[in-house]
Amino acid sequence: MLTLGIDTSATFLSVAIAHSGQLVRETLLHSGQKHSETLLTVIDALLVSCGFAIAQIDRICVTHGPGSFTGLRIGAATAKGIAIAREIPCAGVSTLAAIAAGASELEGTLCCAMDARRLQVYNAQFAMHNAQLMRLCDDQAIAIAELEQHLPLDTPVWFCGDGAQLCYDTMQKHESWQLAPEEIRVQRAWGAILAARDEDYTCVTQLQLNYLRPSQAERERPCGEQALRGARLMSS
């Protein structure tokens, strides 16, 4: 079983190849969110380096959010295109769950965070104990100040994800709170493959993105419509 993993949820672009549940090779590229220009090239180069062809891919796993709206669309569109052309199953997994799975060698609470701007993060927390990963809360968009109130003080807390440094620098320091090692901190395609279960792989038409909150344009639309109505009233 050959699995292609894709993560384009943030600044880093990650692609992984796994064979029978074992990582073959992974590429992690800081592409500056130029994912539309680089993703297909990276996939092709990774397959060639492993001695595989796209026709040998049996299934695809992609992070479906939260994350960059544009980045998520690029990853999902690419996964759908390959899956439809190859008639193979596809799995969408939480980006935060992928972060946790990629850092599951740690022990304690994994506080997975992605920068959502304005001192907010996309967050989920997981407990890692005796090689067992357990989700503690649903994915959420939350202010860092509020998140700080929900973290334990008596057990190790590891900050993971591209918002880890922001949380660590913003919050009050506690001895049991620390940054995850850099090499396993950010979201990775291998983490997505690890987070997916066999039953997650279904028809590609079932793949849906999870933004967690409206886009900036959608948030600003009511204000714009109200201003337009006001301008019309003044001109009438």
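What you see is a predicted model, and the numbers here were worked out from it, not measured in a lab.
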S9/H35 under side-chain contact (heavy atoms from CB on, under 4.5 Å): CA gap, chis, key distance, verdict | CA-CA 10 Å; S9 61; H35 303 330; over 6 Å; no
Give a yes or no on whether L153 and Y168 share a hydrophobic cluster (residues Ile, Leu, Val, Met, Phe, Trp, Tyr; joining criterion: side-chain heavy atoms under 4.5 Å apart).
-> yes
Decide yes or no for C111 and L147: does some side-chain heavy atom of the first lie under 4.5 Å from some side-chain heavy atom of the second?
-> yes
Regarding S14 and E26, is there a side-chain donor-to-acceptor distance under 3.5 Å anywhere?
-> yes
Trace of the side-chain hydrogen bond (donor to acceptor under 3.5 Å, both in side chains) decision for E107 with H129 = CA-CA 6 Å; E107 184 84 4; H129 182 63; 2.7 Å; yes
Rounded distance [0.5 Å steps], CZ in F126 versus CG in L136 = 8.0 Å
Note: D200-R59 ion pair, threshold 4.0 Å (strictly below) | no
So how far is it from S20 OG to M1 CE, rounded to the nearest 0.5 Å?
-> 8.0 Å
Could you tell me which non-hydrogen atom of G161 sits nearest to which non-hydrogen atom of Q187, and how far apart they are?
-> CA-OE1, 3.8 Å
Shortest non-hydrogen separation from G71 to T8 and the atoms involved | O-OG1, 2.6 Å
Contact check, side chains of H174 and L151, non-hydrogen atoms, under 4.5 Å = no
Linked, directly or transitively: I99 and V157 (ILVMFWY side chains, under 4.5 Å) | no
Going by distance alone, is a donor N or O of one side chain under 3.5 Å from an acceptor N or O of the other, for N123 and Q140?
-> yes
Yes or no on side-chain contact (heavy atoms from CB on, under 4.5 Å) for M114 and T95, after CA distance, side-chain angles and deciding distance?
-> CA-CA 9 Å; M114 300 175 64; T95 313; 3.7 Å; yes
Flag the pair R185 / Q165 as yes when at least one side-chain heavy-atom distance between them is below 4.5 Å, and no otherwise.
-> yes
Rounded to the nearest 0.5 Å, what's the gap from OG on S94 to CG on L212? Could you check?
-> 8.0 Å
Would E37 and K34 satisfy side-chain contact (heavy atoms from CB on, under 4.5 Å), going step by step from the backbone distance to the final call?
-> CA-CA 6 Å; E37 301 173 18; K34 296 181 180 179; 4.0 Å; yes
Does one hydrophobic cluster hold both Y122 and L119, with members joined at side-chain heavy-atom distances below 4.5 Å?
-> no
Under a 4.5 Å cut-off applied to non-hydrogen side-chain atoms, are S176 and D154 in contact?
-> no
M171 side chain reached by F159 side chain, heavy atoms, under 4.5 Å | yes
Mind listing the closest non-hydrogen atom pair of C61 and A192 along with its distance?
-> SG-O, 3.3 Å
How long is the span from the CZ atom in R188 to the CD1 atom in I193, to the nearest 0.5 Å?
-> 10.0 Å
Rounded distance [0.5 Å steps], OG1 in T205 versus CD in Q208 = 8.5 Å
Minimal non-hydrogen separation, S104 against M128, with atom names = O-CE, 2.9 Å
Besides I60, the hydrophobic cluster formed by Ile, Leu, Val, Met, Phe, Trp and Tyr side chains linked at under 4.5 Å, directly or via other members, contains L2, L4, I6, L13, V15, I17, V24, L29, L39, V42, I43, L46, L47, F52, I54, I57, V62, I74, I82, I88, L207
E175 atom CD: more than 12 heavy-atom contacts under 6.0 Å = no
Tell me, with the steps shown, if Q120 and R213 meet side-chain hydrogen bond (donor to acceptor under 3.5 Å, both in side chains).
-> CA-CA 12 Å; Q120 292 186 330; R213 68 179 188 183; 2.7 Å; yes
Might you work through the side-chain contact (heavy atoms from CB on, under 4.5 Å) test for E148 and W177, ending with a clear yes or no?
-> CA-CA 11 Å; E148 184 175 5; W177 295 4; 4.0 Å; yes
Which atom names give the shortest non-hydrogen contact between G67 and L72, and what distance separates them?
-> N-CD1, 3.7 Å
Is there a side-chain contact between K80 and C90 (heavy atoms, below 4.5 Å)?
-> no
Are L166 and W158 in one and the same hydrophobic cluster, where Ile, Leu, Val, Met, Phe, Trp and Tyr link if side-chain heavy atoms are under 4.5 Å apart?
-> no
State whether the number of non-hydrogen atoms from other residues, nucleotides or ligands found under 6.0 Å of E199 atom CD is greater than 12.
-> yes
pair P66-L96: side-chain heavy atoms closer than 4.5 Å | yes
Would you mind reporting whether L106 and P181 have side-chain heavy atoms less than 4.5 Å apart?
-> yes
Minimum heavy-atom separation for R135 to A97, with atom names?
-> NH2-CB, 3.8 Å
Linking directly or through intermediates, with side-chain heavy atoms under 4.5 Å: list the remaining ILVMFWY members grouped with V204, chain and number order.
-> I84
